[in-house]
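Take a look at the structure set out below.
In the text below, chain A, chain B and the rest are named by the order of the sequence lines, each starting its count at 1.
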Amino acid sequence: MNPNSADFYNRVYKVVAQIPEGKVTNYGAIAKYLGVESGARMVGYALNNYLSGKLEFPIPAHRVVNRLGYLTGRAYFDGDTMRERLQQEKIVFIDEYQVDMKLHFWDPQVELSES
DNA sequence: AATGTGACGGAAC
DNA sequence: CGTTCCGCCACAT
């Protein structure tokens, strides 16, 4: 399982698409679930690529934050869209740009059995 | 070919 | 969870 495989991005999108409303996950958790433990940065790269190109159906890219809950990708959304969407889902913030991972962390490794 | 750059994460302090 | 440092790896230059 290498992060440079042709469908790595698509596999990332597939996981992100399953993050429930009101929940968030982080880059490392997705990479780990995909069997590429060192590919956290590549997950971010994949999401960046998603925002640039167009996918068949929309995915909740705003529900992916870093391990501490910081909205590190907010700059890639229009204005304050990332924060607004999360607050719209009643997600609790413990700081201006940091969500409460204790309350909202969704681990694909645990929540997703097979696929 | 070589070097710099991140939507990252973990360890050490 | 501050700062700093380091391993990581696809990409841009």
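Contact of the A:Y33 side chain with the A:I30 side chain is not registered, since no non-hydrogen atoms from C-beta on lie closer than 4.5 Å. Contact of the A:K32 side chain with the A:D107 side chain is not registered, since no non-hydrogen atoms from C-beta on lie closer than 4.5 Å. Residues A:V99 and A:M101 form a side-chain contact, since some pair of their non-hydrogen atoms from C-beta on lies under 4.5 Å apart. The closest side-chain heavy-atom distance from A:L112 to A:Q18 is below 4.5 Å.
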I'd like a table of atom pairs between the protein and nucleotides 1-3 of chain C - only N or O on both sides, under 3.5 Å - with the distance next to each one.
from, atom 1, to, atom 2, distance (Å)
C:dG2, OP2, A:Y70, OH, 2.8

Could you run down the sub-3.5 Å N/O contacts of the protein with nucleotides 2-6 of chain B?
from, atom 1, to, atom 2, distance (Å)
B:dG6, N9, A:R41, NH2, 3.2
B:dG6, N7, A:R41, NH2, 3.3

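The distance from atom CG of A:D78 to atom P of B:dA7 is 16 Å, rounded to the nearest whole Å. Nucleotide B:dC8 holds its P atom 11 Å from the CG atom of A:N26, rounded to whole Å. At whole-Å resolution of the value, CG in A:L34 and P in B:dC8 are 17 Å apart. The OH atom of A:Y27 sits 9 Å away from the P atom of B:dA7 (whole-angstrom rounding). Remark: C1' of B:dC8 and CZ of A:F8 are 12 Å apart, rounded to the nearest angstrom. Atom CG of A:L86 and atom P of B:dA7 are 18 Å apart (whole Å).
Between A:V15 and A:P108, the closest heavy-atom pair is CG1-CB, 4.0 Å.
Residue A:T72 has a polar side-chain atom (N or O) positioned under 4.0 Å from OP1 or OP2 of B:dC8. Dashed line: the shortest gap from a side-chain N or O of A:Y97 to OP1 or OP2 of B:dA7 is not under 4.0 Å.
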Which side-chain N or O atoms in residues 66-73 of chain A pair as donor and acceptor under 3.5 Å with protein atoms at least two apart or in another chain?
from, atom 1, to, atom 2, distance (Å)
A:N66, OD1, A:L68, N, 3.0
A:N66, OD1, A:G69, N, 3.1
A:N66, OD1, A:Y70, N, 2.9
A:T72, OG1, A:Y27, OH, 3.4

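Using a 4.0 Å heavy-atom cutoff across all strands shown, A:V64 reaches at least one base atom of the nucleic acid. Using a 4.0 Å heavy-atom cutoff across all strands shown, A:N66 reaches sugar-phosphate atoms only and no base atom. Base engagement by A:A61 is indicated by at least one non-hydrogen atom pair under 4.0 Å involving a base atom.
Scanning for salt bridge (Lys or Arg N to Asp or Glu O under 4.0 Å) contacts around A:E89 gives A:R63, with sequence neighbours left out. For A:F105, there are no ring-ring contact (aromatic ring centres under 6.0 Å, His included) partners two or more places apart in sequence or in a different chain. Partners of A:D80 by salt bridge (Lys or Arg N to Asp or Glu O under 4.0 Å), not counting sequence neighbours, listed by chain and number: A:R83.
Using atom P as the reference point in both C:dC5 and C:dC9, the two lie 22 Å apart (nearest Å). For the P atom pair drawn from C:dC8 and C:dT4, the interatomic distance equals 23 Å after rounding to whole Å.
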